[in-house]
Structures are given as C-alpha cells and as structure tokens.
Amino acid sequence: MNANLTADRPTFVTHLECSLTGERYAADQLHGLSRAGRPLLVRYDLDAVAATVSRDALAARETDLWRWRELLPVRRTENIVSLGEVETPLVPIARSGGPGVLVKDEGRLPTGSFKARGLVMAVAMARELGVTRIAMPTNGNAGAALAAYATRCGIETIVLCPEDTPEVNVREIALQGARVWRVNGLIDDCGAIVGKGAADGRWFDFSTLKEPYRIEGKKTMGLELAAQFGWELPDAIFYPTGGGTGLIGMWKAFDELERLGWIGSKRPRMYAVQAAGCAPIVKAFEDGVEHAERWEDASTVAAGIRVPRAVGDFLILRAVRESGGRALAVDDGEILRAVDDAARQDGLLLCPEGGATLAAYRQAKADGLVGADERVVLFNCATGLKYPMPPADNWLDRHGTIDFDAL
Ligand SMILES: *Cc1c(COP(=O)(O)O)cnc(C)c1O
C-alpha cells in the first residue's frame with residue numbers, strides 16, 4: 001500500500017474561518033456554512049508545518065494527493081477512503097493550443113473527474129465527524145464521486161440531478177450505490193430541496209462550498225501545479241468555473257505555499273471560464289461588483305459549469321481580480337470546436353468544460369491578454385469519455401468486395 005496512507009503523520013488544522021467576516025469556528029466539529037451564510041475556510045499552523053516537513057522531503061514522496069497530508073484536514077488515516085487519487089499529468093497540446101500550452105488532465109482521477117479530489121476529502125471528514133447520511137445536488141460528476149467514496153465507507157447518499165443530466169452520469173451515480181433522483185429544475189433548484197431536508201435534520205448538506213472540506217481537496221490542484229512546475233507557478237491558468245471550488249482552492253494553496261516559503265510571490269493570472277449561456281461570474285466581473293446575480297435560463301453543453309448561482313461568487317471574483325486575470329465567456333460552438341480540435345490534432349479527448357478553457361485561451365490570445373510565449377495551464381476536469389461524441393457510422397461488409405482505396 002501507498003506509504004502516504006500508512007505513515008503516521010501529524011496534522012496541523014488550528015480552526016475554521018468565515019470567508020466573509022473572518023469569524024473563527026472550532027476545528028473537529030461538524031460545520032456547514034458560517035453564521036453569515038458563507039463558506040468556511042480551514043486554517044493551519046503553517047509555521048509548524050514548515051518546521052516539520054521540507055519542500056524537498058515532500059517532493060520525494062509518492063506523487064499522489066496524500067503526499068500533501070500535512071496541508072490537509074483529515075486527522076486520522078483510517079478515515080481516508082482512497083480509490084487511488086493520482087497526481088494528474090500536464091499534457092502539451094502544441095497543435096490545437098500552441099507551444100507553451102499544457103492541459104492538466106483531471107480525467108485520470110477516480111470516477112473520471114476532479115470532483116474526486118474534493119469528495120475524497122469531504123467524505124473522509126464526514127466520516128471523522130460521525131455523519132451517516134449525505135445529500136447533494138449535482139450536475140453529474142460530483143454526485144458520482146460522492147456515491148463512490150461514501151458507499152465505500154457505508155455512508156448513505158441521496159443525490160438530486162437536473163432532469164437533463166447526461167444519462168451516463170445518472171447511471172454511474174446509481175450503480176455506485178446512491179439513491180439518485182432527476183428533478184425538473186437546475187442545480188440550485190435541486191440544492192433548495194437538499195437544503196430543506198438538511199434543515200429538517202434528515203441528512204448533511206454536501207452542496208458545493210456548503211461544507212468546508214471540498215475546497216481542501218481541490219486545493220491539491222494548486223499544490224501539484226507548484227511541484228510540477230519546480231516551485232515556480234505558470235503565467236496563466238484557465239479554469240472552467242461553476243461553483244468555483246477549484247479556483248478558490250488553488251488560490252488558497254498558493255497563499256499557503258508562499259507562507260511556507262516554498263514559492264515566491266509570483267501568481268498566475270487566473271481566468272475564470274464560463275459558457276456564454278450561463279455566465280454570472282463574467283457579468284459580475286464586467287460590472288465591477290463583488291457578488292453575482294442568478295443567471296436566468298442557464299443553458300450550455302458544458303453541464304459541469306451550468307451553475308446559475310455560486311455561494312462563493314465573491315471568493316472567485318476576488319481571486320480573479322487579485323491575480324490580474326479575468327472572467328471570460330465562450331459560446332457552445334467554440335467549445336465544441338475546441339473539443340474537436342484537441343482530439344483530432346493532439347489526440348487528447350477533452351470534456352466540454354475542458355474545451356471551454358481551450359476556446360477561452362484562444363480568444364484571450366487573439367485579444368492580446370496572453371502572450372504566445374507564456375506558460376499556460378488549461379484545466380480538463382473530466383474524461384471526455386463521459387460525454388456524447390459525434391457519430392461515426394462507417395460500415396464494412398466483409399462478404400462483399402472491399403474497396404481498399406476508400407478505407
Ligand atoms: C464541477 C465541474 C466543473 C466546475 O468546477 P467548480 O470547481 O465547481 O467550479 C468543471 N468541469 C467539470 C467537468 C465539472 O464536473
């Protein structure tokens with residue numbers, strides 16, 4: 001077994017903190033949102049971390065998510081339910097992207113998406129804190145990751161999806177042991193039902209950012225990037241933004257790494273990418289405001305970023321602005337063209353949300369926001385295999401005359 005999961009390692013969580021007001025909350029207790037209705041952030045004794053483990057010692061460990069154990073919240077190793085959370089590769093896409101463009105391919109993770117990073121952490125913490133039943137609204141991938149990890153450790157799950165969630169996601173969730181329901185509404189409508197049941201004490205609410213630990217799992221994307229880039233971050237990151245957990249998590253990771261003295265003050269410009277049919281963060285960015293309004297009639301092929309309202313909107317906007325980045329919208333035609341180009345030209349099958357980051361990068365390069373020589377990371381957050389693909393229906397009759405020139 002992986003040494004990262006067998007070694008006895010100290011943990012360093014000191015407390016939790018409201019992301020809006022800074023109010024402190026005790027660690028090692030079950031929390032949802034803060035009293036102000038905002039996400040809670042986990043805080044660590046980083047001086048003690050720095051005194052305990054060096055950057056080089058950490059870099060020498062096996063390269064999975066658990067190598068970052070001292071910067072993660074789980075106290076007791078036996079609460080970790082692992083399905084093999086590998087470090088994901090940076091794949092160049094020189095033809096469809098350009099010379100300096102790397103795709104962080106999160107489709108290699110368990111359940112085929114980066115939701116595994118957040119959920120492996122949140123489920124471990126739920127187990128640690130005695131939760132036995134969890135409910136979640138999802139556009140598909142988060143529900144699948146929750147079902148897999150929770151089932152594995154005997155936690156009951158109820159998952160609500162918008163009715164047009166891709167069939168493969170709904171079936172995957174069901175097969176992995178959750179009770180899954182389609183709902184005639186969008187993800188925030190599903191979230192309202194989950195919230196009601198939680199208020200009645202029926203279950204614990206696992207909506208994006210409504211429990212504190214998914215951010216900590218997603219934070220590992222930022223930690224990995226730092227290590228993969230030799231402790232010097234790339235120039236720009238394009239992130240497909242729904243609830244924004246990953247973008248917020250990476251920004252937090254960079255801050256913690258700098259406080260540890262493991263990286264300098266240089267930050268990537270963070271580009272929050274949304275679909276033109278559901279772009280509340282882009283609108284708020286352009287309007288210069290701190291909170292986003294609900295996006296009505298949200299619609300896009302990129303289901304994972306079809307999130308009309310994000311409870312962490314101000315955290316996304318703050319990170320994007322502080323980094324000198326932007327929020328960018330791309331339409332479905334550009335998204336599908338980008339997916340097609342990466343597959344046909346570079347042999348890399350992106351999910352539509354990943355296609356959105358390539359489309360946004362191309363647009364940003366054309367607009368002069370990024371230079372052709374800059375080091376750029378695009379996030380592909382799920383395997384393209386989970387999504388519909390264009391038909392391919394050539395057919396050969398082996399008994400007839402075969403026209404070899406036409407093959
Ligand atoms: C959930 C999801 C996203 C959005 O991630 P957030 O961190 O919640 O913004 C993007 N792409 C895919 C494939 C997803 O499943």
Side-chain angles (χ1 to χ4, degrees), residues 39 88 103-119 121-122 136-146 148 159 161-162 165-166 168-169 172-173 187-188 190-191 206-211 213-222 237-253 270-275 278-282 292 295 298 300-313 315-317 319-320 327 330 335 338-339 349-360 378-388:
T88 59
V103 173
K104 185 134 173 86
D105 190 9
E106 299 279 301
R108 320 288 176 106
L109 285 158
T111 70
S113 88
F114 71 175
K115 292 297 193 297
R117 290 185 191 268
L119 271 310
M121 205 65 61
M136 175 199 268
T138 179
N139 281 324
N141 288 326
L146 169 64
V159 174
C161 310
T165 300
V168 60
N169 293 103
E172 179 193 9
I173 294 167
I187 189 166
D188 54 345
C190 298
F206 248 45
S207 304
T208 304
L209 299 178
K210 289 192 182 167
E211 65 74 52
Y213 303 106
R214 269 166 81 178
I215 294 184
E216 296 305 294
K218 286 272 196 96
K219 182 177 89 175
T220 59
M221 296 190 291
I237 291 176
F238 286 74
Y239 186 81
T241 305
T245 327
L247 193 147
I248 296 165
M250 283 193 278
W251 198 243
K252 183 172 188 284
M270 305 295 281
Y271 292 96
V273 178
Q274 298 202 301
C278 182
I281 299 297
V282 179
W295 190 273
T300 168
V301 291
I305 53 175
R306 196 180 58 172
V307 179
R309 179 176 15 218
V311 63
D313 51 2
L315 297 172
I316 303 169
L317 288 158
V320 166
V330 286
I335 291 174
V339 169
L349 194 59
L350 302 175
C351 60
E353 298 80 0
T357 65
L358 174 55
L378 312 180
F379 270 85
N380 182 51
C381 302
T383 169
L385 292 171
K386 282 204 197 189
Y387 297 81

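Computation of the quantities below employed the complete heavy-atom set of this structure, encompassing side-chain atoms and omitting hydrogens, waters and symmetry-equivalent molecules. Every number for a ligand or one of its atoms is a count from 1 in the order of the listing.
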- Over all atoms of both residues, closest heavy-atom pair of P110 and A116: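 Minimum heavy-atom separation between P110 and A116: O-CB, 3.2 Å.
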- Query: Looking only at heavy atoms, what is the nearest atom pair of P240 and I305, with distance?
  - Reply: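 The answer is C-CG2, 3.6 Å.
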Strictly under 4.0 Å, does any heavy atom of [X] approach an atom of ligand 1?
X    : answer
S113 : no
E106 : no
A142 : no
T208 : no

- Message: With respect to N141, determine whether any N or O atom, backbone or side chain, lies less than 3.5 Å from an N or O atom of ligand 1.
- Response: yes
- Item | Distance-only N or O hit between ligand 1 and G244, under 3.5 Å | yes
- Query: Which part of F379 is near ligand 1, with near meaning a heavy atom under 4.0 Å away: side chain, backbone, both or neither?
  - Reply: neither
- Which bit of T245 is near ligand 1, meaning a heavy atom under 4.0 Å away: side chain, backbone, both or neither? both
- Item | Among V320, I316, D313, the one residue meeting side chain to side chain contact (heavy atoms under 4.5 Å, CB included) with T241 | I316
- In terms of atom number and element, which parts of ligand 1 are under 4.0 angstrom from non-hydrogen atoms of Y387?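 Ligand 1 atoms under the 4.0 Å threshold to Y387: 13 (C).
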- Message: Need the ligand 1 atom indices (1-based, order shown) with element for anything under 4.0 Å from a heavy-atom of A382.
- Response: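 Answer for ligand 1: 13 (C).
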- Item | Under-4.0 Å salt bridge between K115 and E106 |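 So K115 does not pair with E106 through a salt bridge.
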- Query: Are any of the side-chain heavy atoms of F379 and E353 separated by less than 4.5 Å?
  - Reply: no
